There are 2 protein chains.
Amino acid sequence: METDLRRVILDSTRHLLVRDGYMSLSMRKIARAIGYSATSIYLHFENKDALIHALIEEGMDQLLAALKDAEAEHPGDPVARLEAMCRRFVVFGLENREYYEIMFMLHPEFMERYPAEKYRRARRNLDVIAATLADGVAQGVFAVENVRVVASTIWSALHGAVSLLLARRVDIRIEQTAFIEAAIAQTLGGVLAPAAREAPETSPLL
Amino acid sequence: METDLRRVILDSTRHLLVRDGYMSLSMRKIARAIGYSATSIYLHFENKDALIHALIEEGMDQLLAALKDAEAEHPGDPVARLEAMCRRFVVFGLENREYYEIMFMLHPEFMERYPAEKYRRARRNLDVIAATLADGVAQGVFAVENVRVVASTIWSALHGAVSLLLARRVDIRIEQTAFIEAAIAQTLGGVLAPAAREAPETSPLL
DNA sequence: ATAATATACTTAACACTGTTAAGTAATACA
DNA sequence: TGTATTACTTAACAGTGTTAAGTATATTAT
């Protein structure tokens, strides 16, 4: 069946990404792995970009699910909810390197080919963060001017941490968990209202 | 002369990076641009990696110079100094896209080939931030546990902002300057001591 | 049952990539 | 003058994404 091979290609590509990384991923290599000729892939995906884009979409959906889990875990407490979301984001990035790299670390030129419609879908991840911020502002625990802007800066701060960890660009003398905890603490500290700013309780889950 | 062509190659490569981006950079393209054969480049650089690594080093030096400028601008005030450094970092990234991309946005697999000795040199940029943090802690304006860890998280937060801006991954409905100001404000807010936190936080105009 | 068509794949080829081996002028030095 | 060195060249290898054209097999129409 047509869709069967499509699924096989996606899974095989993901596995190759985990094992060998994006740079050494080639259409012929995927073909060899699935036991078909390279051109067969083009019957199921327009080109290499489209194949990667499909994987990016899968990753975005998984990330969204992780954030929604955090959302459901702390329905009444925006601070705990935001912290849980930050943690889920970092854990997702570190545990799904193959997804994270193509989702957020591919070169700008490559991403400019990413269809605008899928961009919009990816933005749902931001909306979940923004909603939590808005909730916290309403309860007076967050001091945030523009919820959408700050949701973006939170995302960008976490993305900086994850991408540097994945690229092994963090000073090796710094313990990974210490770095993560500091990054999350700093991110939360940047939005907490002065009143809600004592007891910086952290519960490491790595 | 030998070193002459080496310099020509570096400059030409940088220009090609600005114009066409990293993904479309090829040895043969550089060769065409300088009017020599592609193999000539291998007389001056071991391979493509080494060529890029040389450019990365140049970029690191320029970034260090920018941070040192900020340092010299505010000798007595750690808070103003840190803010100036954050700003310089972001401006450097946005104004030197060709450097920033190869310095911090190249794929992890590529950077694993970056010589450890050059890594250490690049770390000087972090030391400048850490020194400012230490100064601020001594003056009681920064609340920071581990200066080296927090210097890293500051860097990572700023890197997240710059890399997302360069990759055009920030929601287009958000103004760039608003995003940058929010990112810097959040970064500073994460390290300021509660006492020093009143004045700048109660007058947010962005 | 036979002919036409559609499906799902194949091979061959094009223009590119980084890189190496071998060859060639021109210069410097003995 | 003869040798060595320097600074470059061309040709080639093994790889890349992608397209055009070809081939069996299965489905459908007459």
Side-chain angles (χ1 to χ4, degrees), chain A residues 1-56 98 101-102 105-115, chain B residues 1-56 98 101-102 105-115:
Chain A
M1 241 37 193
E2 195 196 294
T3 39
D4 275 18
L5 188 50
R6 188 190 152 90
R7 189 64 253 164
V8 170
I9 292 170
L10 283 171
D11 291 340
S12 198
T13 303
R14 206 183 53 249
H15 291 140
L16 286 175
L17 280 175
V18 180
R19 213 191 57 191
D20 305 333
Y22 177 77
M23 272 192 100
S24 80
L25 181 75
S26 81
M27 298 299 259
R28 284 175 173 87
K29 206 166 169 181
I30 298 168
R32 242 169 316 180
I34 61 175
Y36 287 80
S37 74
T39 48
S40 285
I41 303 171
Y42 289 85
L43 302 170
H44 303 275
F45 298 93
E46 202 193 327
N47 48 33
K48 196 184 181 185
D49 277 10
L51 169 54
I52 298 297
H53 290 158
L55 276 177
I56 289 176
E98 79 279 12
E101 281 187 15
I102 59 171
M105 295 170 75
L106 240 36
H107 263 77
E109 296 130 18
F110 177 89
M111 289 315 296
E112 271 163 18
R113 288 174 251 153
Y114 195 63
Chain B
M1 285 306 184
E2 196 196 293
T3 39
D4 274 18
L5 187 50
R6 188 190 151 91
R7 189 66 252 165
V8 169
I9 292 169
L10 283 171
D11 291 340
S12 198
T13 303
R14 206 182 55 246
H15 290 140
L16 286 175
L17 280 175
V18 180
R19 213 192 55 190
D20 305 333
Y22 176 77
M23 272 191 100
S24 80
L25 181 75
S26 82
M27 298 300 259
R28 284 175 173 85
K29 206 167 170 181
I30 299 169
R32 244 172 292 144
I34 61 176
Y36 287 80
S37 75
T39 47
S40 287
I41 302 171
Y42 289 85
L43 302 170
H44 302 275
F45 298 93
E46 199 194 330
N47 48 31
K48 196 183 181 185
D49 278 11
L51 169 54
I52 298 297
H53 289 159
L55 276 177
I56 288 176
E98 78 281 11
E101 281 187 15
I102 59 172
M105 295 171 75
L106 241 36
H107 263 78
E109 297 129 19
F110 177 89
M111 289 315 296
E112 272 163 18
R113 288 174 251 152
Y114 195 62

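Every chain is numbered from 1 and lettered A, B, ... according to where its sequence line falls, protein lines coming before strand lines. Since we're looking at a predicted model, the values are computed, not measured.
Across all strands shown, Leu25(B) has heavy atoms under 4.0 Å from sugar-phosphate atoms exclusively, and none from any base.
Heavy-atom minimum distance, Ile41(A) versus Ala31(A): CD1-N, 4.0 Å. Between Met27(A) and Asn47(A), the shortest heavy-atom contact is CE-C, 4.2 Å.
Rounded to an integer number of Å, the gap from CG of Asp49(B) to C1' of dT17(C) is 14 Å. Rounding to whole angstrom units, NE2 of residue His44(A) and C1' of dA8(C) are separated by 7 Å. Taking atom CD1 of residue Ile41(A) and atom C1' of nucleotide dA8(C), one finds them 14 Å apart after rounding to whole Å. Atom pair Tyr42(B):OH and dA21(C):C1' shows a separation of 14 Å (rounding to whole Å applied). Rounded to a whole Å, the OH atom of Tyr22(A) is 13 Å from the P atom of dT16(D). Note: CE (Met27(A)) to C1' (dC9(C)) measures 15 Å, nearest angstrom. Remark: C1' of dG17(D) and CD of Glu46(A) are 13 Å apart, rounded to the nearest angstrom. Distance Ile30(B) CD1 to dC16(C) P: 16 Å, rounded to the nearest Å.
For the salt bridge (Lys or Arg N to Asp or Glu O under 4.0 Å) test, no residue two or more places apart in sequence or in another chain qualifies with Glu46(A). Residues that satisfy the salt bridge (Lys or Arg N to Asp or Glu O under 4.0 Å) test with Arg113(B), not counting sequence neighbours, are Asp49(B). Among residues two or more places apart in sequence or in another chain, the side-chain contact (heavy atoms from CB on, under 4.5 Å) test is passed with Ser37(A) by Thr39(A), Ser40(A). Listed by chain and residue number, His53(A) satisfy the ring-ring contact (aromatic ring centres under 6.0 Å, His included) test with Phe110(A) (two or more places apart in sequence, or in another chain).
Between Met111(B) and Ile56(B) there is a side-chain heavy-atom pair separated by less than 4.5 Å. Looking at heavy atoms from C-beta onward, Arg7(A) lies out of side-chain contact with Asp4(A) at the 4.5 angstrom threshold.
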Side-chain polar contacts of residues 14-22 of chain B - donor-acceptor pairs under 3.5 angstrom, sequence neighbours left out - could you list them?
| unit_1 | atom_1 | unit_2 | atom_2 | d |
| --- | --- | --- | --- | --- |
| Arg14(B) | NH1 | Asp11(B) | OD1 | 3.1 |
| His15(B) | ND1 | Asp11(B) | O | 3.1 |
| Asp20(B) | OD2 | Lys29(B) | NZ | 3.1 |

Query raised in the report: What string of B, S and - do you get for nucleotides 9-15 of chain D, 5' to 3', when a contact is any protein heavy atom under 4.0 Å?
Result: BBBB---
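Of the residues in residues 10-21 of chain A, none lies under 4.0 Å from DNA chain D by heavy-atom distance.
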